[in-house]
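Contents: one structure, followed by commentary.
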There are 2 protein chains.
Amino acid sequence: MGTSLRDVARLAGVSVKTVSNVVNGYAHVSPATRAKVEGALSQLDYRPNLSARNLRQGRTGMIALALPELDAPYFAELSRCVIDAAAEHRWLVIIEQTGGALERERRILDGVRDHHVDGLILSPVAVGAEELAARTDDTALVLLGERIYDGPADHVAIDNVRAAHDVTEHLIGLGRRRIAALGAQDDTASGTAPLRLAGYREALAAHGLPETVVKVDRYQRAEGAAAMARLLASPEPPDAVFCFNDLLALGAMRTALAAGLRVPEDVALAGLDDIEDGRYSTPTLTTIAPDKNQLARIAVDLLKQRIDGHTARPPQEFMAGYDLIVRESTMGGGLSRGAG
Amino acid sequence: MGTSLRDVARLAGVSVKTVSNVVNGYAHVSPATRAKVEGALSQLDYRPNLSARNLRQGRTGMIALALPELDAPYFAELSRCVIDAAAEHRWLVIIEQTGGALERERRILDGVRDHHVDGLILSPVAVGAEELAARTDDTALVLLGERIYDGPADHVAIDNVRAAHDVTEHLIGLGRRRIAALGAQDDTASGTAPLRLAGYREALAAHGLPETVVKVDRYQRAEGAAAMARLLASPEPPDAVFCFNDLLALGAMRTALAAGLRVPEDVALAGLDDIEDGRYSTPTLTTIAPDKNQLARIAVDLLKQRIDGHTARPPQEFMAGYDLIVRESTMGGGLSRGAG
DNA sequence: CTGAAAGCGCTTACAG
DNA sequence: CTGAAAGCGCTTACAG
C-alpha cells in the first residue's frame with residue numbers, strides 16, 4: 001500500500017504511538033521528538049490510511065446526501081451548499097439520487113448502516129413518517145426540505161404554508177382575481193405540495209376568492225408546460241398562476257408565451273425556489289427564495305450534533321428563512337410580450 | 001459497533017472464514033452450512049463493516065468526482081450521469097467542488113492518495129498538463145470534459161473544435177455575416193475556450209468572414225449578460241453570437257431581449273451544452289448537445305479499467321458524440337420579440 | 001513524555 | 001469443504 005505509521009516510526013527511531021501522537025496533534029510530545037517525527041513524515045510523504053482510522057474510530061468522515069435528482073436546479077444549488085457546509089467539519093459528501101422513488105429511498109435508509117457514512121441527510125419524497133419512525137437503524141439522520149409531521153427525525157425546511165400564503169397575497173394585491181395553483185399532487189406521504197396548497201387556500205379564502213387547482217406528477221418544466229396548457233384551455237383561464245416551484249413556473253411561462261400571451265399583463269406567474277434560471281428568464285420570475293445556505297448549514301449542524309451524541313433531545317423541526325422576490329413575471333417591465 | 005462476522009459465526013456454530021465465504025458468495029460451501037449461516041446472518045441483520053473490508057482489500061468502493069461547481073446545470077446533469085454510471089459498478093460517488101481554482105484542484109489531486117477513494121474523475125479548469133504529468137500519485141485518474149494536450153491521463157470529451165465549427169457554419173448558413181464569439185478566456189492551461197475559438201475561426205475563415213471575439217472570466221449567465229451588453233454597444237453589433245456555453249447564451253439572450261431586440265431576427269444566438277433551461281427559454285436555444293451519458297459512461301469505464309489494473313496502455317483521448325440542436329434562437333418561430 | 005500490546009472487523013494464504 | 005491464524009494500519013487504554 002503506501003507508507004504506514006510503522007515505516008515512519010522506524011525511520012524516526014520512535015514508536016508507532018509517538019508518530020500517531022504527532023500526526024494527531026496531541027500536546028505532550030517533546031520538541032526534539034516532534035521534529036524527528038515530522039522530518040520522517042515529510043520525507044516519506046506519509047498519508048494516514050483512512051479505512052484503518054475509520055475502522056478503529058467507528059467514524060468515516062463522510063456523510064450521504066440523498067435527494068430526488070441532482071439535475072433539478074434547486075437540488076443542485078442546495079447540494080452545493082451542503083457540500084460547502086460539510087467541508088467546514090472536514091466531512092466529504094456522497095450524493096445518492098432517489099428519483100423520488102419509495103423503493104430507492106428505502107434502500108438508502110436501509111443501507112446507511114453499512115458503515116460507510118457517519119450520517120445521512122435525506123430529502124424525502126415518498127417515504128412516510130410512520131416508516132421513518134419505525135426504522136431500527138440508529139445512524140444519524142436529518143430530513144431536509146420536505147415536511148414530515150410528528151417528526152421521526154430532526155427536520156429543516158422553510159415554512160411552506162406561510163411562503164405559499166405570501167405569494168398568493170402578492171398576486172391578490174396586484175388585483176388578480178382568478179388565481180390558479182399549479183403543482184398539487186395526489187397524496188404522497190410527506191410532500192410539500194399539501195402545505196403549499198394550504199397556504200394558497202388560506203389566502204384566497206381570506207379574500208373570498210375562488211380556487212383553481214391543477215395537479216402534476218413531478219416538479220419539472222415539462223409538467224409545468226403541460227399543466228399550463230390545460231389551464232389555458234379552460235373556459236375561464238386564470239389571470240395569475242402560483243406554481244409550486246420555479247421549474248413548473250418556467251415551463252408554464254414557456255407555454256403562455258408560446259400561446260401569444262403577455263406575462264404578466266395577461267397572466268402573472270410566480271414560482272418558488274429562486275433557482276438561477278428565473279433570474280435570467282424573460283420575463284424574470286417572481287418567486288420565494290428559501291435561504292439555501294441556512295437550510296444546508298442547519299441540516300449539517302444538526303447532523304453533527306447527532307453524530308457526536310451531544311444531544312439526546314427528541315427530534316425537532318427547524319425553520320429556515322425565505323424572501324419573496326418580486327420580478328417581472330408579476331410586476332411587468334416591458335419585456336413580456338408574446339408573439340400572438 | 002454492530003454485528004460482526006464473529007457474532008454470526010458463533011450463532012451459526014461455524015468459523016469466521018465460513019461466514020465470510022457465504023457473505024462473499026464463494027462457491028464451495030455445503031448447502032447445509034450455507035443454510036445455517038444464512039439463517040444467522042438474517043437473524044442478526046449482519047452488515048459488513050466496509051472500513052474493515054476496505055482496509056483489508058485496499059479498496060473503498062468509492063470514487064470522487066471533482067468539478068468546478070455543482071450548481072452549473074451542465075455539471076449537475078453530468079454528475080447525475082456519472083453517479084448513475086458508477087452505480088453499475090456498485091461505486092458510490094463523492095463530489096468535490098473546485099470552483100475552477102488551481103489551488104483546490106491541486107488539493108484534490110494531492111488528497112486523492114488519502115485512500116478514501118479508489119479513483120478520481122476530474123473536470124480540470126486551471127491545472128496544467130505538465131503538472132498533471134508530473135504527479136507522483138498513482139491513484140487512478142480520468143479527465144473529463146476539458147482538453148489537456150499530450151494527455152497525462154485518460155481523457156474524455158467531445159470534439160470541441162468540430163462542434164464549434166458546426167455551430168458557426170450553421171449561423172453562416174442562415175445568412176449571418178457579423179458573427180461574434182462570446183466566451184474566449186485569457187489563456188488557461190487547459191481550457192476548452194481555445195478549442196471552441198479555433199473551431200469558430202476555422203469556419204469564419206473558410207467563408208472569408210471577419211471575427212469578433214469577446215472574453216469572459218467565467219461561464220455564467222451574469223457574464224454572458226454583461227458581455228452581450230458590450231457587444232450591443234459596439235458601433236457595428238453582431239447579427240449572430242456563438243456563445244461558448246448555454247449559460248452565457250441565456251445571459252446574452254436576456255440582455256438582447258431586455259434591450260428590445262428580437263431573437264433571432266435582429267440577433268441569432270447559439271450556445272453549447274444543451275442544458276434543460278435552453279429547451280424552455282423563450283426563444284428556445286440552439287445548441288450543441290454533447291452525449292452526457294456517453295461521456296459519463298466512458299469516464300467511469302476507463303476509471304474502472306485503471307483501478308482494476310487491466311490495462312497498462314498509455315493515456316489516451318476518447319471522444320464522445322454530440323448533436324447540433326437547432327431551435328428558435330436561430331430559426332425563429334415567432335416567440336422572440338423583445339419589447340423595444 | 002514515550003513504548004509495547006491489544007484490537008477494530010475483515011480477508012487471505014495455509015493447513016487439514 | 002472448513003478452521004485457526006495472521007495481518008491490513010490505525011488508535012487507545014495501560015504501563016513506566
Side-chain angles (χ1 to χ4, degrees), chain A residues 1-41 44-62 90 111 113-118 139 308, chain B residues 1-41 44-62 90 111 113-118 139 308:
Chain A
M1 305 176 78
T3 306
S4 76
L5 277 189
R6 223 164 55 129
D7 302 325
V8 178
R10 204 177 293 146
L11 179 63
V14 299
S15 78
V16 164
K17 164 75 152 85
T18 301
V19 180
S20 175
N21 283 343
V22 172
V23 168
N24 292 295
Y26 291 149
H28 307 296
V29 181
S30 75
T33 308
R34 180 181 301 277
K36 262 193 310 187
V37 171
E38 278 170 351
L41 284 170
L44 296 175
D45 191 22
Y46 171 76
R47 307 302 185 100
N49 181 312
L50 298 185
S51 289
R53 179 178 287 174
N54 297 340
L55 172 58
R56 195 45 233 245
Q57 298 187 328
R59 292 283 181 83
T60 67
M62 306 192 211
R90 322 194 87 235
R113 69 181 114 178
D114 284 354
H115 310 289
H116 43 229
V117 296
D118 297 335
T139 308
D308 289 348
Chain B
M1 304 175 80
T3 306
S4 76
L5 277 189
R6 223 166 53 132
D7 302 324
V8 179
R10 204 177 293 145
L11 179 62
V14 300
S15 78
V16 164
K17 164 75 153 88
T18 301
V19 181
S20 175
N21 283 343
V22 172
V23 168
N24 292 293
Y26 290 148
H28 307 296
V29 180
S30 74
T33 308
R34 180 182 299 278
K36 263 194 309 187
V37 171
E38 279 170 350
L41 283 171
L44 295 175
D45 191 23
Y46 170 77
R47 307 302 184 100
N49 180 312
L50 297 185
S51 289
R53 180 178 285 174
N54 296 339
L55 172 58
R56 196 45 233 244
Q57 298 187 327
R59 291 283 182 84
T60 67
M62 306 192 211
R90 323 195 86 235
R113 70 181 113 179
D114 284 354
H115 310 289
H116 41 230
V117 295
D118 297 335
T139 308
D308 289 348

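Here is the naming used below: chain letters follow the sequence lines, and residue numbers restart at 1 for every chain. Side chains included, hydrogens not; waters and symmetry mates left out as well; all remaining heavy atoms used.
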Nearest-0.5 Å distance that lies between atom NE2 in B:H116 and atom NE2 in A:H116:
15.5 Å
Starting from P on D:dG9, measure out to CG on A:N49 and report it in whole angstrom.
7 Å
Side-chain N or O of A:S15 closer than 4.0 Å to phosphate OP1/OP2 of C:dG3
yes
Quick one: B:L50 CG to C:dC10 C1', roughly how many Å, whole number?
11 Å
Rounded distance [0.5 Å steps], CG in B:D118 versus CD in B:Q57
10.0 Å
Test item: A:K36 and A:T18 side chains (from C-beta on) under 4.5 Å apart, heavy atoms
no
Got a sec, which residues hit salt bridge (Lys or Arg N to Asp or Glu O under 4.0 Å) with B:R59, two or more places apart in sequence or on another chain?
B:D308
Let me know the distance between CZ of B:R47 and C1' of C:dC8, rounded to the nearest Å.
19 Å
Find the distance between CZ (B:R56) and CG (A:L55) and round it off to the nearest 0.5 Å.
12.5 Å
So, using side-chain contact (heavy atoms from CB on, under 4.5 Å) as the criterion, who are the partners of B:D7 when residues are at least two apart?
B:T3, B:S4, B:R10, B:L44
Counting heavy atoms from C-beta on, name the nucleotide in D:dT2, C:dG3, C:dC1 closest to the side chain of B:V29.
D:dT2
For DNA chain C, what dot-bracket results from Watson-Crick or G-U pairs at under 3.5 Å, with [ ] for crossers and | for inter-strand partners?
|||.||||||||.|||
Could you tell me how far apart B:N54 (CG) and C:dC8 (P) are, to the nearest whole angstrom?
18 Å
If you compare every side-chain N and O of B:T18 against the phosphate oxygens of D:dG3 (OP1, OP2), does one of them come in below 4.0 Å?
yes
Starting at NZ of A:K36 and ending at C1' of C:dT2, how long is that distance when rounded to a whole Å?
10 Å
B:Y46 and B:V23, any side-chain heavy atoms less than 4.5 Å apart
yes
Along nucleotides 11-16 of chain C, 5' to 3', which nucleotides get a B, which get an S, and which get a -, given that the test is a protein heavy-atom distance under 4.0 Å?
BBB---
Nearest-Å distance for atom pair CG/C1', residues B:L55 and D:dA6
13 Å
Are the side chain of A:T60 and the backbone of A:N54 linked by a donor-acceptor contact shorter than 3.5 Å?
no
Take the protein atom CZ of B:R6 and the nucleotide atom C1' of C:dC10, then report the distance between them rounded to whole Å.
12 Å
Partners meeting side-chain contact (heavy atoms from CB on, under 4.5 Å) with B:V22 (sequence neighbours left out)
B:V29, B:R34, B:V37, B:E38, B:L41
